[in-house]
There are 2 protein chains.
Amino acid sequence: MNLSVTIKDVAKKANVAPSTVSRVIHNSPTISEKTKRKVRKVLKEMGYHMNENARNLVTKSTKAIGIVMKSSARESLYNPFFPEVIRGIGDFCNKEGYSLSLTTGETEDAIFEDVVKMVQGRRVDGMIVLYSKKDDKVVPYLLKQGFPFVLIGKPSTNMSGITFIDNDNVQAAREVSEFVINLGHERIAFLGGSPEFEVIQDRLTGFQQAMEQAGVDVRQEYIKLIPLNRTDGIKAIDELLELKEAPTAFLVMDLLLGVLLLGVLAEKNLKVPQQISVVCFNHSEFIEFLSTPLTTVDIHTYQLGYEAAKCVFDLIANPEMMEKSISIPTKIIKRESHFVAEKEIK
Amino acid sequence: MNLSVTIKDVAKKANVAPSTVSRVIHNSPTISEKTKRKVRKVLKEMGYHMNENARNLVTKSTKAIGIVMKSSARESLYNPFFPEVIRGIGDFCNKEGYSLSLTTGETEDAIFEDVVKMVQGRRVDGMIVLYSKKDDKVVPYLLKQGFPFVLIGKPSTNMSGITFIDNDNVQAAREVSEFVINLGHERIAFLGGSPEFEVIQDRLTGFQQAMEQAGVDVRQEYIKLIPLNRTDGIKAIDELLELKEAPTAFLVMDLLLGVLLLGVLAEKNLKVPQQISVVCFNHSEFIEFLSTPLTTVDIHTYQLGYEAAKCVFDLIANPEMMEKSISIPTKIIKRESHFVAEKEIK
DNA sequence: TTGAAAGCGCTAACAG
DNA sequence: CTGTTAGCGCTTTCAA
């Protein structure tokens, strides 16, 4: 391992004071071009590189931002949200010369400990919390510490002072519902997602609003709020399809449930889009690999991450900044997973 | 923001020397229980927390390990490898009280810069490189620096002194080929993966070995080495299916290609497993959501990450350690995506 | 325009 | 068993 070259070493070799070397590194305007050239030469010759720890110690900044993952990274396994959002955050941080630090805990408590370590240990300048969960300790802690952080998602009720980035899920669901309604559908199913997530509540609201406005009844038996797994998914789908008046269209809350649905429909020989329309939240390039061209709602995960990073930087630069919330628009990516129902055709 | 409590503050309040506080924190046996109790009380009262930067500066360790991502995190987007391997690494690091630091660059050069910053800036104690690519600068750099690192994958040719973790892909492919051959298949296709990846070469070798040993001809037109995307995938699959003697079994190198294949087969009304057998590398829990029960090869991505982390810790603890390589076994997860061909039935 | 000196918060000899 | 002292490598007044 290369013995490390310090500012002192460089200073000695260049016949200047350490402080001068420091100034050259920071390109201070008070240093003559001549010395700068001289010092830079030695810097290069000796292969100098900054010891970030020393710098951080004195500047009290770390050039790193922390990312709080959902308890159990496992949950992120299924869908591309995690890598996509990291990519967004990473891109912005990279531009600013910042690095990323992840929590590694698996349980809620372990993650909380990670966060405390990052914050109190001054390992990061700011944090991005990748989830929003009720009764979670992380956000309240960060809030109490006055530590700069941004939440991706919607803060749970009655918390203020939080800057967050989210989609307008009410609006997105309304739009997509209108789209399906305008195709002529009236028997529309709302499939998937645990009701405890804000996201699902919002989308449900949007769905109901659209239905109401169109004067179409929302039938409770068409609404299936279920956890994201095969068993519950199959069960819900079967129940829906066995209804005397089975739905003609499905609003699916997650791509994986969409895949599941397509499988079941294929088994039952129900053709998409000829017999059933399907629209699915959380677009991913993955859908290109499916044989059925699925219409999806793109929530722009990358943007979510990118904007979150941006906000955290603003917050770091100006800690007294008012909290704000940013809404990332969603977009319907239309493919042929739906048909124009009779009502419309006539 | 909480003004930070330092060891000095605590020392003053507890009427001891800073070094004593430090010793208490590290639970040094040379401190009397009495002082320990006293100091610990003050520690708690004042909400003391270590400043890691200061500690790192003097101990020259960082309690963090760096992860080098593939250029373009985008590539990792499609499959669960990335989150899974991170989970494995993270679990181990968490046990050791280490945190993770990710490269954020998108281009090869940017990533290289990130690595240099991490290494020279002493931001991490060791690194894990998540890919193995020919002509990549990262591994040679780490090697030259004598910096502790572990490679996930197989080092490109003629590099020694590298500790790496990999699957035995030759063996895995041989096994899975034997499995398919034993089902009675002779027209077996090998689908997918750019030939420039070691992984693909190894699997191809294993496939050929198994075929040879079984005395079955390997037909070149059954081997399709293609990049992982819809267009090329569809093209290759179509070509295979249009052969006068189309394959009766497919060895697919990636889950996504498997999904694509299932779609095409369904469209052509070819039943899996009744008419065609499919075996797919890179198992993921995702396959539970597919309607066709696909037989897959589990490469144990989590383990790959976990073992890599372990190795890096060994290397950090003992830098002079001989390089070694660890092979993570693979496992065939049998489902019903294959049939027993006539040869066997008779 | 540059240098000297102090100190960031911590650890680690070395005394006592 | 505990205190004193001297840095780790860097930045930053303050003086010159």
Side-chain angles (χ1 to χ4, degrees), chain A residues 1-40 42-43 46-64 97 117-123 125, chain B residues 1-40 42-43 46-64 97 117-123 125:
Chain A
M1 178 78 206
N2 245 346
L3 236 20
S4 14
V5 183
T6 73
I7 274 194
K8 263 190 192 160
D9 302 331
V10 176
K12 210 169 294 168
K13 185 126 175 240
N15 277 315
V16 294
S19 47
T20 302
V21 177
S22 175
R23 289 185 184 108
V24 172
I25 290 168
H26 297 290
N27 199 19
S28 155
T30 77
I31 299 285
S32 74
E33 274 309 318
K34 190 157 144 272
T35 355
K36 276 189 185 170
R37 266 196 303 281
K38 183 175 66 181
V39 173
R40 286 205 183 106
V42 180
L43 241 23
M46 304 186 70
Y48 171 83
H49 213 280
M50 174 83 67
N51 180 327
E52 308 265 352
N53 281 316
R55 192 233 287 271
N56 293 345
L57 182 58
V58 30
T59 61
K60 284 148 173 25
S61 107
T62 63
K63 293 267 182 189
K117 238 189 261 168
M118 283 189 191
V119 172
Q120 307 269 36
R122 262 125 275 172
R123 282 172 158 273
D125 293 343
Chain B
M1 178 78 206
N2 245 346
L3 235 20
S4 13
V5 183
T6 73
I7 273 194
K8 263 190 194 161
D9 302 331
V10 176
K12 210 170 293 169
K13 186 129 176 238
N15 277 315
V16 294
S19 48
T20 303
V21 177
S22 176
R23 289 184 186 110
V24 172
I25 290 167
H26 297 291
N27 198 21
S28 155
T30 77
I31 300 283
S32 73
E33 274 309 319
K34 188 156 146 275
T35 0
K36 275 189 187 172
R37 266 197 303 281
K38 182 175 68 179
V39 173
R40 286 204 183 107
V42 180
L43 241 21
M46 305 186 70
Y48 170 83
H49 212 280
M50 175 83 67
N51 179 326
E52 309 266 352
N53 282 316
R55 191 232 288 271
N56 293 345
L57 183 58
V58 32
T59 61
K60 283 150 172 28
S61 106
T62 63
K63 292 269 184 188
K117 238 189 264 171
M118 283 190 191
V119 173
Q120 308 268 37
R122 261 122 278 169
R123 283 172 157 273
D125 293 343

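Convention: sequence-line order gives letters A, B, ...; per-chain numbering from 1. Quantities reported herein were computed from a predicted structural model and do not represent experimental measurements.
Scanning both residues, B:A11 and B:A17, for their nearest heavy atoms gives CB-C, 3.8 Å. Between B:A14 and B:V42, the closest heavy-atom pair is CB-CG2, 3.8 Å. Shown here for A:A54 and B:L57, the closest heavy-atom pair between the two residues is CB-CD1, 3.6 Å.
Protein atom CD1 of B:I7 is 15 Å distant from nucleotide atom P of D:dT4, rounded to whole Å. One atom, NZ of B:K12, and another, C1' of C:dG9, lie 13 Å apart when rounded to the nearest Å. Atom NZ of B:K63 is separated from atom P of C:dC10 by 16 Å (rounded to the nearest Å). To the nearest angstrom, P of D:dG9 lies 17 Å from CZ of B:R123. Across the protein-nucleic acid pair, A:K60 atom NZ and D:dG9 atom C1' stand 15 Å apart, rounded to whole Å. Across the protein-nucleic acid pair, A:R122 atom CZ and C:dC10 atom C1' stand 12 Å apart, rounded to whole Å. Atom NE2 of B:H26 and atom C1' of D:dC1 are 17 Å apart (whole Å). Between the CD1 atom of B:I25 and the C1' atom of C:dA12 there is a distance of 14 Å, rounded to whole Å.
For the pair A:S22 and A:K8, nearest-nucleotide mapping onto DNA chain D gives the more 5' position to A:K8.
Neither side chain, B:N53 nor A:K60, offers a donor N or O lying under 3.5 Å from an acceptor on the other.
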Under 4.0 Å protein heavy-atom contacts per nucleotide of nucleotides 1-6 of chain C, with B for base, S for backbone only and - for none: BBBB--

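Between A:R23 and A:T35, every side-chain heavy-atom pair lies at or beyond the 4.5 Å cut-off. In this structure, A:K36 and A:L43 have side chains that are not in contact, with every pair of non-hydrogen atoms separated by 4.5 Å or more.
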Stepwise side chain to side chain contact (heavy atoms under 4.5 Å, CB included) check, A:Y48 with A:I7: CA-CA 8 Å; A:Y48 171 83; A:I7 274 194; 3.5 Å; yes

Derivation of the side chain to side chain contact (heavy atoms under 4.5 Å, CB included) call for A:V21 and A:V24: CA-CA 5 Å; A:V21 177; A:V24 172; 5.6 Å; no

Pair B:N56-A:N56, side chain to side chain contact (heavy atoms under 4.5 Å, CB included): steps then yes or no: CA-CA 11 Å; B:N56 293 345; A:N56 293 345; over 6 Å; no

Intermediate values then yes/no, side chain to side chain contact (heavy atoms under 4.5 Å, CB included), B:T6 and B:N51: CA-CA 8 Å; B:T6 73; B:N51 179 326; over 6 Å; no

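For the helix from C:dT1-D:dA16 to C:dG16-D:dC1, the end axes, each set by the C1' atoms of five terminal pairs, are bent relative to each other by 40° (nearest 10°).
Taking every side-chain heavy atom of B:V58 into account, C:dT11 is the closest of D:dT11, D:dG9, C:dT11.
In summary, of the residues considered (A:R122, A:R123, A:K117), a salt bridge (charged side-chain N to carboxylate O under 4.0 Å, His left out) with B:E52 occurs for A:R123 alone.
At a non-hydrogen distance threshold of 4.0 Å, B:L57 from residues 49-57 of chain B come into contact with DNA chain D.
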